[in-house]
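Numbers restart at 1 for each chain; the letters A, B, ... are given by sequence-line order, proteins then strands.
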2 protein chains.
Amino acid sequence: MTATCEQPLVLHKEKVLALKDAIELLSGKWKFCILLNLYNYGTLRFKDLQETSVGITPKVLSKELQELEENQLITRTVNNTKPVTVSYALTPHATEIQPVINALVEFGLKHRMKIKGTPS
Amino acid sequence: MTATCEQPLVLHKEKVLALKDAIELLSGKWKFCILLNLYNYGTLRFKDLQETSVGITPKVLSKELQELEENQLITRTVNNTKPVTVSYALTPHATEIQPVINALVEFGLKHRMKIKGTPS
DNA sequence: GTTATTCGTTACCTTTAGGTAAGCGACTAT
DNA sequence: ATAGTCGCTTACCTAAAGGTAACGAATAAC
């Protein structure tokens with residue numbers, strides 16, 4: 001063990017768990033895509049999400065929505081229209097994700113500059 | 001399309017790309033573990049990382065380190081010791097990840113409170 | 001009756017992440 | 001000569017994520 005310097009980022013066990021939780025919850029190909037669409041449009045039906053999340057299949061969309069609902073990030077509302085429509089919207093708790101998105105975007109932009117040398 | 005309200009989180013295409021880059025780069029079972037260990041200890045050899053990243057196999061560790069090096073988040077230094085040792089350390093660019101970690105930890109903690117009702 | 005719409009589900013397949021176990025090359029110590 | 005250390009690599013396997021294609025229940029329009 002060749003420890004040299006001790007930097008100020010020592011995470012306690014609970015914080016490491018929190019980190020794991022957050023990563024696990026937000027990882028995957030579609031999570032942020034769905035969340036961003038809901039941020040932008042406020043409320044979207046299943047069909048809408050299928051169209052705005054370009055390339056997603058109903059099976060995968062359904063699974064992702066269930067997962068997000070279980071984690072209380074979105075609400076699912078069945079409207080009595082004919083045929084039945086279902087509306088999805090963000091919960092107040094979902095706004096807590098915004099700092100994560102901002103941090104990821106900022107890092108991603110800097111990283112692109114560093115790696116690919118292109119500002120966009 | 002049942003758009004209702006327009007909230008202030010409209011990401012341009014470049015930012016969406018940056019978000020995808022960042023997620024892709026930092027996802028996976030071991031990335032943050034390795035980075036945190038390097039944050040905490042400054043410099044670690046392959047063997048050290050194998051021990052601090054409990055459960056990782058040399059194959060996976062090797063792959064992760066290569067990926068991190070390609071993305072200029074860590075440096076790889078071969079020491080002329082016998083037998084050969086190799087030291088890994090964070091680059092200055094890796095410090096840009098700190099806000100991401102902080103945001104993820106904060107969200108994770110709040111999320112645990114919300115979902116499981118346990119503060120730890 | 002036939003077709004269409006909406007919100008899914010089901011069965012099946014491919015791809016990827018990650019794990020298991022073993023070995024290799026260079027060197028050292030006994 | 002044999003065994004050990006270090007930093008990997010290789011071949012193989014498993015499990016999970018995700019894609020493809022088709023179908024189903026409910027209702028309505030033609």
Subject >> Partner residues of T81(B) under the side-chain hydrogen bond (donor to acceptor under 3.5 Å, both in side chains) criterion, sequence neighbours left out >> reply: T85(B)
Original post:
Is atom CD of E69(A) surrounded by more than 12 heavy atoms (other residues, nucleotides or ligands) closer than 6.0 Å?
Top reply: yes
Original post:
Nearest-Å distance, CG (L49(A)) to C1' (dC7(C))?
Top reply: 12 Å
Subject >> Side-chain (S62(B)) to main-chain (P58(B)) donor-acceptor, under 3.5 angstrom >> reply: no
Subject >> Nucleotide nearest R45(A) (side chain, heavy atoms from C-beta), chosen from dC6(D), dT6(C), dG8(C) >> reply: dT6(C)
Listed pairs, N/O of protein and of nucleotides 13-20 of chain C, under 3.5 Å:
unit_1	atom_1	unit_2	atom_2	d
dG18(C)	OP1	K29(B)	N	2.7
dG19(C)	OP1	K29(B)	NZ	2.6
dG19(C)	OP2	W30(B)	NE1	3.3
dG19(C)	N7	K59(B)	NZ	3.3
dG19(C)	O6	K59(B)	NZ	2.1

Original post:
Are Y88(A) and dG8(C) close enough that a side-chain N or O sits under 4.0 Å from OP1 or OP2?
Top reply: yes
Subject >> E24(A) atom CD, over 12 foreign heavy atoms within 6.0 Å >> reply: no
Original post:
So what is the end-to-end bend of the helix from dG8(C)-dC23(D) to dT30(C)-dA1(D), with 5 pairs used at each end and the value given to 10 degrees?
Top reply: 0°
Subject >> Between P of dT9(C) and CD of Q50(A), the distance in whole Å >> reply: 12 Å
Can you tabulate the close N/O pairs, meaning under 3.5 Å, that link protein atoms to atoms of nucleotides 22-27 of chain D?
none

Original post:
Taking only N and O in the side chain of T81(B), is any of them less than 4.0 Å away from OP1 or OP2 of dC6(D)?
Top reply: no
Original post:
Separation of L65(B) atom CG from dC6(D) atom P, in whole Å?
Top reply: 16 Å
Original post:
Where the side chain of Q66(A) is concerned, which of dC8(D), dC7(C), dT9(C) is the nearest nucleotide?
Top reply: dT9(C)
Original post:
Roughly how many Å is it from CG in L44(A) to C1' in dT6(C), rounded to a whole number?
Top reply: 15 Å
Subject >> Distance-only side-chain donor-acceptor flag, N71(A) / H111(B), under 3.5 Å >> reply: yes
**OP:** Whole angstrom is fine here: how far is it from CG in D48(A) over to C1' in dT6(C)?
**Re:** 11 Å
**OP:** Go through the structure and list residues passing side-chain contact (heavy atoms from CB on, under 4.5 Å) with A22(B), not counting sequence neighbours.
**Re:** L104(A), F107(A)
**OP:** May I have the distance from N79(B) (atom CG) to dC6(D) (atom P), rounded to whole angstrom?
**Re:** 13 Å
**OP:** Measure from CD1 on I34(A) to C1' on dG18(D) and round the result to the nearest Å.
**Re:** 13 Å
Subject >> Length of the line joining F46(A):CZ and dT5(C):P, which is rounded to integer Å >> reply: 16 Å
Subject >> Qualifying residues under salt bridge (charged side-chain N to carboxylate O under 4.0 Å, His left out), relative to E67(A), sequence neighbours excluded >> reply: K31(A)
Original post:
So, are E51(B) and K47(B) salt-bridged, with charged N and O less than 4.0 Å apart?
Top reply: yes
